[in-house]
Amino acid sequence: MNPQKTDCIFCKIIAGEIPSQMAYRDKEVVVFADIKKDVPVHLLVVPIKHIPSLATMSDADMPLVGKMVAAAKKVAAEKGLADKGYRLTMNIGADGGQDVQHIHIHLLGGRPLKWEN
Ligand code: AMP
Ligand code: ZN
């Protein structure tokens, strides 16, 4: 089902070839811990399908983004963040600061966050 890209770090995590702290998994989306320990909760919401960027994603794949947000909402609630709040961020392309070319949403929370850019 997943046309795994052999040089993609997130495809390797999804395939279990690189260890991760997996918080959620369904048929289309996984959520695992970011290696960065910058905020108390930093998770990555990632589709199982290898899609390099929102900028080049097809309209046919667009419903996946809703599924990613739904998974983020579910895991955020499980982590006790629903009342205090949290942040979802998607970095797109070079100016957006996207380092891994497999689309993902950062789920950040556990303390008040500043807006920096
Ligand atoms: P971005 O800059 O939006 O592409 O985010 C990529 C994220 O992937 C960064 O926050 C990295 O810390 C994270 N990352 C890179 N390698 C790993 C890994 N092996 N396990 C978990 N997170 C990773
Ligand atoms: Zn990938």
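Just so you know, residue 1 is the first one in the sequence shown, and it goes up from there.
- Aromatic pair His104/His102: centroids not less than 6.0 angstrom apart.
- Through direct or relayed side-chain contacts under 4.5 Å between Ile, Leu, Val, Met, Phe, Trp and Tyr, Ile35 connects to no other residue.
- Side-chain heavy-atom separations under 4.5 angstrom define the hydrophobic clusters, and the remaining members of the one that includes Leu113 are Val39, Leu108.
- At a threshold of 4.5 Å between non-hydrogen side-chain atoms, the residues Lys27 and Ile48 do not count as touching.
- Residue Asp26 comes nearest to Val29 through the heavy atom pair OD1-N, 2.7 Å, listed as atom of the first residue, atom of the second, then distance.
- The shortest side-chain heavy-atom distance between Asp34 and Leu43 does not fall under the 4.5 Å cut-off.
- Contact annotation: the side chain of Ile18 approaches that of Ile9 to within less than 4.5 Å [non-hydrogen atoms, C-beta and beyond].
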Would you give me the side-chain donor-acceptor pairs under 3.5 Å for residues 83-99, sequence neighbours excluded?
unit_1, atom_1, unit_2, atom_2, d
Arg87, NH1, Lys114, O, 2.9
Arg87, NH2, Lys114, O, 3.4
Gln98, OE1, Gly93, N, 2.9
Gln98, NE2, Pro52, O, 2.9
Gln98, NE2, Val100, O, 3.0

Name each donor-acceptor pair under 3.5 Å that joins a side chain in residues 62-81 to protein atoms two or more places apart or in another chain, with its distance.
unit_1, atom_1, unit_2, atom_2, d
Lys67, NZ, Glu28, OE1, 3.0
Lys67, NZ, Glu28, OE2, 3.3

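- Take Asp59 and apply the side chain to side chain donor-acceptor pair (under 3.5 Å) test, not counting sequence neighbours, and it matches no residue.
- Sorted by first then second residue, the salt bridge (charged side-chain N to carboxylate O under 4.0 Å, His left out) pairs that include residues 7-19, not counting sequence neighbours, are Lys5-Asp7.
- The CD atom of Gln101 sits 10.0 Å away from the CZ atom of Phe10 when rounded to the nearest 0.5 Å.
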**Request:** Output, in order, the C-alpha distance, side-chain angles, deciding distance and verdict of side chain to side chain contact (heavy atoms under 4.5 Å, CB included) for Tyr24 and Val45.
**Result:** CA-CA 9 Å; Tyr24 174 88; Val45 184; over 6 Å; no

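- Every residue two or more places apart in sequence or in another chain that forms a side chain to side chain contact (heavy atoms under 4.5 Å, CB included) with Ser58 is listed here: Ala60, Asp61.
- In this structure, Arg25 contributes its side chain and Phe32 its backbone to no donor-acceptor pair below 3.5 Å.
- For the pair Val46/Ile14, a side-chain contact is recorded, criterion being any heavy-atom separation below 4.5 Å from C-beta on.
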